[in-house]
Number of protein chains: 2
Amino acid sequence: MTRRATTHDVARAAGVSLSTVDRVLNDRIGVREGTRRRVQEAIDRLGYRRDAAAAALSRDTFYRLLFLLPDRGSTFIRSIAPKLRETADGPEGMRTEIHTITVPMLDAPSLVTALDQVMPDAYDGVALVGTDARIVRDAIDRAVDRGVHVVTLVSDVPGSRREHYVGIDNVAAGRTAASLLGRFIGTEPGAVQVVLGSRQLRDHIERLFGFEQVLGTEFPHLDLLPVIEGFEDNDRTAEALQARLASSPDLRGIYIVGGGKQGVLSALRASGPPSLIRVVGHDATPHARQALMEGYFDAVLNQDPGHETRSAVRVLKCLIDGTPIHQDQERICIDIFLRDNLP
Amino acid sequence: MTRRATTHDVARAAGVSLSTVDRVLNDRIGVREGTRRRVQEAIDRLGYRRDAAAAALSRDTFYRLLFLLPDRGSTFIRSIAPKLRETADGPEGMRTEIHTITVPMLDAPSLVTALDQVMPDAYDGVALVGTDARIVRDAIDRAVDRGVHVVTLVSDVPGSRREHYVGIDNVAAGRTAASLLGRFIGTEPGAVQVVLGSRQLRDHIERLFGFEQVLGTEFPHLDLLPVIEGFEDNDRTAEALQARLASSPDLRGIYIVGGGKQGVLSALRASGPPSLIRVVGHDATPHARQALMEGYFDAVLNQDPGHETRSAVRVLKCLIDGTPIHQDQERICIDIFLRDNLP
DNA sequence: CTGTTAGCGCGTTCAG
DNA sequence: CTGAACGCGCTAACAG
């Protein structure tokens, strides 16, 4: 086979014209059953595969997508906007117009307002970092009813009629963290500290759930100290942790569920060189990498923001086109980084 | 900005014709410096970005690629061929003709024979799973001299003039394995067993090197038992390991560098339920996943064969076109899977 | 040195 | 129900 079959080849082989082939390919009406079968047979026989690039070129359609991103938040959250811009500049951005609106973080009413302004005559699809509130869920459903395609990004809004969630399985991430931390700590009894960003963030709650689940069943010799909620504020987190370090000499492990890594890091640094306290956190930000290299952190779970923005764009296009989503390709992995396999 | 600028727009804005724009875009000769500047300025001003798909379509060039794959080997090695077929059917396979030749495993002369038959009038590029031998290195250099682009896949051939290596950093993988295993085992003294596929495989040797390096410096309380070389034969591996299990009651960890996972698994199963022996292996094959779920294995390092075949195809195309390779995108990550983050 | 023209493979009119 | 003709954005071959 020296070159791929084209629609011309199929048309010739089936003894029909190009447009008939096109009709069969795109399941359009107006083809006699016999003709359709002849064409289909030619397609199979020649091993014809549609040239997606040429198809997109000729269709000349534009996808209009809107991303609703928090105006601030953790280093990870803030990395999404630039990655989205890269995505828009890359191949997935072809024939695609991507707008971004920033919304106050953790402010459900603002998110609802933004969502309610998304009209199907301006946008074909919208991606949003979910805030878990009933009013948000309802606003998503209204948008879907209006004919706008909706996906959630990084943090899901279950119960809503969003058509897809782009992000990691946060319960599994919590379980993974517990598995790692538990094994790192070993069999001696001790205490474990969880540092949480905010209980309003669904992804953080889910991680905590998975973490407690595995720690309780598989590492019962480890005590869970009262959770520190740092509200993604590093100073506040550092202070609280420092107090805990002083009061709990049996502390053997820390799980940083969300923001506040830098706070944890400065508290640890203040209490001396890397000790026997094992630390697992999330998101391979520059500070986290540094902490891994220095030995203050032992492992970092990561979700690749570039993968996520690209997946969100691909999924929205599929939803708009009505073509199926490749679940396997769109699954966002929980990456584990140690000092030794940092990219 | 309602739609992207095209070459037409640039031409109009600069007051020149399409072909002049094309010449500037593709750094071709025959454009006066002043004209070039005017065009470049228009490109920047309009934010013009070339539509890669349309370019490929019009160029109408076919990439002829050859993959030399081992005829047998581990489950992982055998997974490459089907993944390559998927790649050929996917978007990277557009305008690309991918042939595969299977070569006897670990047989340098056969690989050399195959390589010497690759002529630039038949193939633009070759990807091969390296066998580390001088004659292979020389054959690669001859192919490059002939004008064929060469990349190594999964196992590198350093010292050759191959233009790229598609695969994980195996020394780093060995270090990662040691980091994990060492931390999992803890601070008590004990012995560690390495199970090797073959000393002829460069990737295995490199992993072993990295592993010994970290184990020796960071976990000096762990003794390294004499390496078991299983030649990717499960029965042989199982037998040798069973003997070792009997003779070394202080065995606390096993690192499976290459093939033979099923052999290790059957030996472990034979000696009872998951014990205090920690096991780290490579490649998330079905058996490895099963072993993780059952608790016989603790972690599996993985390289995604699909990523690798796609990267190989992309890189070869870049080499053929003379366009730069995106090092970041083409870096193959060392994935770590625990039971809890299996995809 | 620069411009004109004819496709690449497909989708989309609009005629038959 | 079917076919012919045009154009998407870009490159290449050929004129000026």
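Residue numbers start from 1 in every chain, and the chains themselves are labelled A, B, ... in the order their sequence lines are given, proteins ahead of strands. Below, all heavy atoms of this structure are taken into account, side chains as well, without hydrogens, waters or symmetry copies.
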Is the phosphate of D:dA4, meaning OP1 or OP2, less than 4.0 Å from a side-chain N or O of A:Ser19?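 For A:Ser19, the contact criterion (side-chain N or O under 4.0 Å from OP1 or OP2 of D:dA4) is not met.
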Kindly say if B:Thr7 contacts the phosphate of D:dC10, meaning a side-chain N or O under 4.0 Å from OP1 or OP2.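 So the side-chain polar atoms of B:Thr7 do come within 4.0 Å of the phosphate oxygens OP1 or OP2 of D:dC10, strictly under.
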Nearest-angstrom distance from the residue atom [atom1] of [X] to [atom2] of [N]:
X	N	atom1	atom2	value
A:Leu25	D:dT2	CG	P	15 Å
A:Arg95	D:dC8	CZ	P	11 Å
A:Glu33	D:dT2	CD	C1'	16 Å
B:Arg12	C:dG3	CZ	C1'	16 Å
B:Met94	C:dC10	CE	C1'	12 Å
A:Arg36	D:dT2	CZ	C1'	13 Å
B:Asp321	D:dA12	CG	P	10 Å
B:Leu18	D:dC14	CG	C1'	15 Å

Is a side-chain N or O of [X] found less than 3.5 angstrom from the main chain of [Y], in a donor-acceptor match?
X	Y	answer
B:Ser19	B:Asp22	no
B:Asp124	B:Arg64	yes
B:Arg36	B:Gly30	no

Report the nucleotide, chosen from [options], that has the shortest atom-to-atom distance to any side-chain atom of [X].
X	options	answer
B:Val31	C:dG11, D:dG3, C:dT2	C:dT2
B:Val16	C:dG3, D:dT11, C:dT12	C:dG3
B:Arg23	C:dG3, D:dT11, C:dG11	C:dG3
B:Asp51	D:dT11, C:dG11, D:dG9	D:dG9
B:Leu57	D:dC10, D:dG9, C:dT2	D:dG9
A:Arg50	D:dC10, C:dT2, C:dC10	C:dC10
B:Ala55	C:dT12, D:dT2, D:dT11	D:dT11
A:Asp22	C:dT2, C:dT12, D:dC10	C:dT12

Rounded to the nearest 0.5 Å, how far does CG of A:Asp138 lie from CZ of A:Arg161?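 Spacing of CZ (A:Arg161) from CG (A:Asp138) equals 10.0 Å.
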Rounded to the nearest 0.5 Å, what separation is found between the CG atom of B:Leu111 and the CD1 atom of B:Ile101?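 It comes to 10.5 Å.
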Tell me whether the count of non-hydrogen atoms from other residues, nucleotides or ligands lying under 6.0 Å of CZ in A:Arg146 goes above 12.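 Buried by this count: over 12 neighbours within 6.0 Å.
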For the helix from C:dC1-D:dG16 to C:dG16-D:dC1, how many degrees between its two end axes (five pairs per end), to the nearest 10°?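 Comparing the axis at each end, I get an angle of 40°.
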Along DNA chain C (nearest heavy atom to each residue), the more 5'-positioned of A:Arg59 and B:Gly15: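 Comparing both residues, the 5'-ward one is B:Gly15.
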Classify A:Arg28 by what it touches in the nucleic acid, base, sugar-phosphate, or nothing, heavy-atom distance under 4.0 Å.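 Since only primed, P, OP1 and OP2 atoms lie under 4.0 Å of A:Arg28, the category is sugar-phosphate.
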A:Ser58 (side chain) and C:dC10 (base): donor-acceptor pair under 3.5 Å: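 Such a pair exists between side chain and base.
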Using the side-chain contact (heavy atoms from CB on, under 4.5 Å) definition, which of the options B:Ile325, B:Thr323, B:Thr96 pairs with B:Lys317?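 The side-chain contact (heavy atoms from CB on, under 4.5 Å) with B:Lys317 is passed solely by B:Thr96 among B:Ile325, B:Thr323, B:Thr96.
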Residue that, paired with A:Arg37, satisfies side-chain contact (heavy atoms from CB on, under 4.5 Å) out of A:Glu41, A:Glu33, A:Gln40: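 Going through the options one by one, the only one that passes is A:Glu33.
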